[in-house]
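Below is one structure, written out as structure tokens; the observations come after it.
Lettering follows sequence order; numbering is per chain, from 1.
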Protein chains: 2
Amino acid sequence: MATQCRNCPIRKLDLFTQMRSEEVEFMERFKVGEMTVDAGAPLMSEGANTPQLFTALSGMGLRYKLLANGRRQVINFVFPGDFLGLQAGVMNEMTHSVEATTPMRLCVFDRSELWTLFKSRPERAFDLTWLAALEERFLGETVTSVGQKSAIERVAWAFSRIYRRICALGLDRDGEIPLPYRQQDLADALGLSLVHTNKTLARLRDRQLASWSDGRLRVPDIEALEEAGLVDTSLVPRRPLM
Amino acid sequence: MATQCRNCPIRKLDLFTQMRSEEVEFMERFKVGEMTVDAGAPLMSEGANTPQLFTALSGMGLRYKLLANGRRQVINFVFPGDFLGLQAGVMNEMTHSVEATTPMRLCVFDRSELWTLFKSRPERAFDLTWLAALEERFLGETVTSVGQKSAIERVAWAFSRIYRRICALGLDRDGEIPLPYRQQDLADALGLSLVHTNKTLARLRDRQLASWSDGRLRVPDIEALEEAGLVDTSLVPRRPLM
DNA sequence: CGACCTGTTGATTTAGATCAACTTACGTGG
DNA sequence: CCACGTAAGTTGATCTAAATCAACAGGTCG
């Protein structure tokens, strides 16, 4: 039996904007089920026209694109609260793939009901657009990091962003968060080679800015890390949850 | 006296999805005016909370972010039909700046009316979300190009995308389009140095793939250029126009 | 046990950055 | 009308951050 939205495990977090109770009721109707997947499971694939939209509830994943030359770009990492499938929802085609890195639990929505949402729930439609704008904002920052920063700045930037997000989800425990990706994933996200990423991680460790091993990231001083990553510290607002 | 939407100079192009007449009427009310600006004029700036939203009607511009270290990332180029200010519209703050490269003419909308649009015009709200998803798609592709491609592939990719778009706007004339940017702008868009960009342009010219000088880009064989740029040639759908 | 995956480290190479000149073209002001 | 300053493009020489190549170590699993 699927969790009812009123008992949603993450909705109440400060990270998210709060919904009015009619909205919660609407989402309970909009939601068609829940899905749990194993680590490594593909969730959506580039070019496909998935009938389903998801909101991640727990676990972590990643979005990526493959190139003709075999290289892979990790577009970003997927954390609880992220909405998956907007492109399929409005344009009928995903232009990137999504896969689960750890086991994941996701809310499932029916894509064909999306238009109903726009017609009957303008505030939810607005929230969806907000999420799209937030994604655009984040990708603009990613382009900037990959295009203009040195290796150490890029890794520091990525760790800062991830650390802040995971903390906001309440998953940190004395300065440490779970980060269950491989170095190759980070390398592909930042446009760096695996070897150079590894050496850059060692440098960050030496400088006591961040230490990532055994799937856990320890950040002794987040502000110092943000500075090292030239991170734009303008406030990231609360985000809507679909 | 501002152009009325019914006489919009670009709306009828095949590039754009067609609107129903009620939608056109609604847009005429939503539109509060028109603006023309000189080359070099700033349109929006990072961190600011502009009260206005725009749709570009003519001319070209660019979006960019500046870093603490003085470097600049050009996020993308702005062409007629592009919508500007979505971030300000939903999140009250731009995270990048926009400036006019040539003189531009723009439709002006009132940000505070955006919520009215969501409440009373769900199909227009849907279109806006579509545009946001399209932007996300394009930025994903940009990250992939900047993160994973060689200099010549990146330039070929950018030229392909630009060429296709400008042709769709009907601005091409025997295999040539206007492209009034500086080499520095392209360099900042692709994460390359100015000097290396210049040398890469020479290589593309030698290989007869693309020749850009005096503000005009000539492309003898767009398919060959796309191949050189590892361009994902899956169909780019018609886009909504706001 | 052996195959495979992930991480680590050192040696070598290279794409692209940086540095430095020089050329046009285009104002602007004397 | 010319001198000078500035912006954009071009080209060659040199440097370097990061890529590539190679080898090995520890874990895990069938």
Start and end of the DNA chain D segment that chain B contacts, any atom under 4.0 Å from a heavy atom: D:dA8 to D:dA13

Atom [atom1] of [X] and atom [atom2] of [N]: how far apart are they, to the nearest Å?
X      : N      : atom1 : atom2 : value
A:D185 : C:dC5  : CG    : P     : 14 Å
A:H196 : C:dG16 : NE2   : P     : 15 Å
A:R182 : C:dC4  : CZ    : C1'   : 13 Å
A:R203 : C:dG10 : CZ    : P     : 15 Å
B:Q183 : C:dA25 : CD    : C1'   : 15 Å
A:W212 : C:dG7  : CH2   : C1'   : 10 Å

Just to be sure I understand the rule, does B:G191 reach a base, reach only the sugar-phosphate, or reach nothing, if contact means heavy atoms closer than 4.0 Å? sugar-phosphate

Check every strand shown and say whether A:L192 touches a base, only sugar-phosphate, or nothing at a heavy-atom separation below 4.0 Å. sugar-phosphate

Look at the rings of B:F79 and B:Y181 and say which category their plane angle falls in: under 30° parallel, 30 to 60° tilted, over 60° perpendicular. perpendicular

Relative to the ring of A:F109, is the ring of A:F83 parallel (under 30°), tilted (30 to 60°) or perpendicular (over 60°)? tilted

Answer yes or no: does atom [atom1] of [X] have more than 12 heavy-atom neighbours from other residues, nucleotides or ligands under 6.0 Å?
X      : atom1 : value
B:D214 : CG    : no
A:N69  : CG    : yes
B:D38  : CG    : no
B:E227 : CD    : no
B:Q184 : CD    : yes

Return the minimal non-hydrogen interatomic distance between B:L230 and B:K149, and the atom names on each side. O-NZ, 3.5 Å

side-chain contact (heavy atoms from CB on, under 4.5 Å) between B:L169 and B:F16, intermediate numbers included: CA-CA 9 Å; B:L169 287 165; B:F16 303 108; 4.2 Å; yes

Is there a donor and acceptor pair closer than 3.5 Å between the side chain of A:K199 and the base of C:dG10? yes

Bend angle of the helix from C:dC1-D:dG30 to C:dG30-D:dC1, end axes from five pairs each (to 10°): 30°

If you take any heavy atom closer than 4.0 Å to DNA chain D, which residues from residues 140-159 of chain A end up in contact? A:S150, A:A151

Stepwise side-chain contact (heavy atoms from CB on, under 4.5 Å) test for B:D185 and B:Y64: CA-CA 10 Å; B:D185 297 325; B:Y64 64 93; over 6 Å; no

To the closest 0.5 Å, what do you measure between CG (A:L192) and CD1 (A:I152)? 11.0 Å

Distance check: side-chain N/O of A:N198 vs OP1/OP2 of C:dT8, anything under 4.0 Å? yes

